[in-house]
Amino acid sequence: DLAADGAAAALAASLRRRRRAVDVLVNNAGVLDQGAFIGHDARRHQRVIDLNVSGLTAMLAAFVPAMVRRGHGRVLNVASVSAFAPVPGLAAYAASKAYVLSLTESLAEELRGTGVTVTALCPGITATAMFDRAAQDNAHVAQLPGILVGDAREVAAEGYRACMAGEVVAVPGLLNQAAAVAGRATPKLLLRRIAGVLSRRVI
C-alpha cells in the first residue's frame, strides 16, 4: 500500500536486496473521491493526498537518485487533464494531479542532462476500474457519451511512447489537448466560474 508511511522506502530496500535495478518507474497508483468537498470527512481527503501526492513523491525519492547515479532512467507520472484547471466536485483529486504535473515539470528541468527523463501523462476520463466505480456512484458519469471516455490501451500506449521519448507532458486525445490548452490560457477567474457551472450539472 503506497499510501502507507515508509512503503516506498521498504519497496526500494526489498528490490536492492534482490539486486533489482529499476530503469523505468511508472507512478500510476491513485484514488479518486467525487462529490462536494464538505460531503467527505477529513480521512477521505487525506487518503487522496496520502496516495496521489505523498506516495508518488516517496516513490520518486526512493528510485530516482539511483537512476541519476547510473546515468539513465525513465519516469512516467500519471496525472490527469484535471491538473490544468480547478474541478469542483473533484477538488482534492484535481489538486493532487496539479501537484503531480508541477512536480514532473520541475523535476524534468532539474534532471536535464542526467540521462533521466520525467514525463507526466495527463489523460481525460478513461475506461478503467476507477471510472467504473465513479459511474456506480454517479448516474451522470455513467451517461457520459463514449467520445468523452478514452480507451485504456490507447492511453497506456501514448504514455509509453511519451515516456520512452522523454517528453515532459503528454495529453492523449484532441479533446483533452484542447482542454489542457484552455486550462493554461483562460484567466483563472473565468476558468473557475466555467468549472463551477459545469460541475453543478454533474454533482
Side-chain angles (χ1 to χ4, degrees), residues 1-11 25-63 75-107 118 120-144 148-150 152 155 159 169 171 176 179-180 182-184 186 188-203:
D1 179 3
L2 294 178
D5 187 39
L11 175 60
L25 171 63
V26 180
N27 266 320
N28 185 50
V31 65
L32 174 151
D33 271 330
Q34 60 175 326
F37 183 88
I38 63 172
H40 302 305
D41 62 27
R43 288 174 298 177
R44 291 184 66 173
H45 297 310
Q46 192 62 51
R47 181 184 66 158
V48 172
I49 295 167
D50 287 345
L51 185 54
N52 297 9
V53 174
S54 300
L56 177 138
T57 304
M59 288 289 285
L60 294 170
F63 292 102
V75 177
L76 181 66
N77 292 326
V78 180
S80 166
V81 73
S82 68
F84 295 98
V87 186
L90 293 175
Y93 174 81
S96 75
K97 294 305 183 178
Y99 172 90
V100 173
L101 176 59
S102 179
L103 180 63
T104 298
E105 292 185 289
S106 295
L107 281 181
V118 189
L121 177 64
C122 301
I125 301 167
T126 306
T128 63
M130 181 182 286
F131 173 77
D132 292 339
R133 288 192 295 272
Q136 290 174 358
D137 295 338
N138 188 329
H140 294 288
V141 174
Q143 294 167 5
L144 286 172
L148 296 179
V149 182
V155 170
V169 180
V171 183
N176 296 322
R184 284 190 158 168
T186 305
K188 289 293 187 181
L189 173 60
L190 180 58
L191 193 62
R192 288 197 304 271
R193 295 292 172 81
I194 293 171
V197 170
L198 292 175
S199 72
R200 283 190 284 275
R201 298 174 181 270
V202 177
I203 64 173

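- Inter-residue side-chain proximity for Leu121 and Val155 is flagged as met; some heavy-atom pair is nearer than 4.5 Å.
- You'll find the side chain of Leu32 stays beyond 4.5 Å of the side chain of Val48, heavy atoms only.
- Ala58 pairs by the side-chain contact (heavy atoms from CB on, under 4.5 Å) definition with Ala8, not counting sequence neighbours.
- For the pair Cys122 and Leu101, the tightest heavy-atom approach, listed with the atom from each and the gap, is SG-CD1, 4.1 Å.
- For Asn27, the side-chain hydrogen bond (donor to acceptor under 3.5 Å, both in side chains) partners are Asn77, not counting sequence neighbours.
- With contacts defined as side-chain heavy-atom distances shorter than 4.5 Å, the pair Leu103/Leu56 qualifies.
- Atom CG in Leu2 sits 5.0 Å away from atom CE in Met59 (nearest 0.5 Å).
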I'd like to know whether Val100 forms a side-chain contact (heavy atoms from CB on, under 4.5 Å) with Asn52, so could you lay out the CA-CA distance, the side-chain angles of the two residues, the decisive distance to 0.1 Å, and finally the verdict. CA-CA 8 Å; Val100 173; Asn52 297 9; 5.6 Å; no
Only distances under 3.5 Å count here; give the side-chain donor-acceptor pairs of residues 78-91 to other protein atoms, sequence neighbours excluded, each with its distance to 0.1 Å.
| residue | atom | partner | partner atom | Å |
| --- | --- | --- | --- | --- |
| Ser80 | OG | Ser82 | N | 3.0 |
| Ser80 | OG | Ser82 | OG | 2.9 |

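- With a 4.5 Å cut-off on side-chain heavy atoms, Asn28 and Leu76 do not count as touching.
- One distance of note links CZ of Arg43 with CG of Asp50; it measures 13.0 Å at 0.5 Å rounding.
- Here the side chains of Leu11 and Phe63 are in contact, with some heavy-atom distance below 4.5 Å.
- Applying the side-chain hydrogen bond (donor to acceptor under 3.5 Å, both in side chains) test to Ser106 and every residue at least two apart in sequence or in another chain returns nothing.
- Every residue meeting the side-chain hydrogen bond (donor to acceptor under 3.5 Å, both in side chains) condition with Asp33, not counting sequence neighbours, appears here in chain and number order: Arg44, Arg47.
- Across all their heavy atoms, Val169 and Val171 have their closest contact at CG1-CG2, 4.1 Å.
- Atom NE2 of His45 sits about 12.5 Å away from atom OG of Ser96, to the nearest 0.5 Å.
- Summarising the geometry, atom OH belonging to Tyr99 is positioned 3.0 Å from atom OG1 belonging to Thr57; distances are rounded to the nearest 0.5 Å.
- Scanning for side-chain hydrogen bond (donor to acceptor under 3.5 Å, both in side chains) contacts around Asp1 gives an empty result, with sequence neighbours left out.
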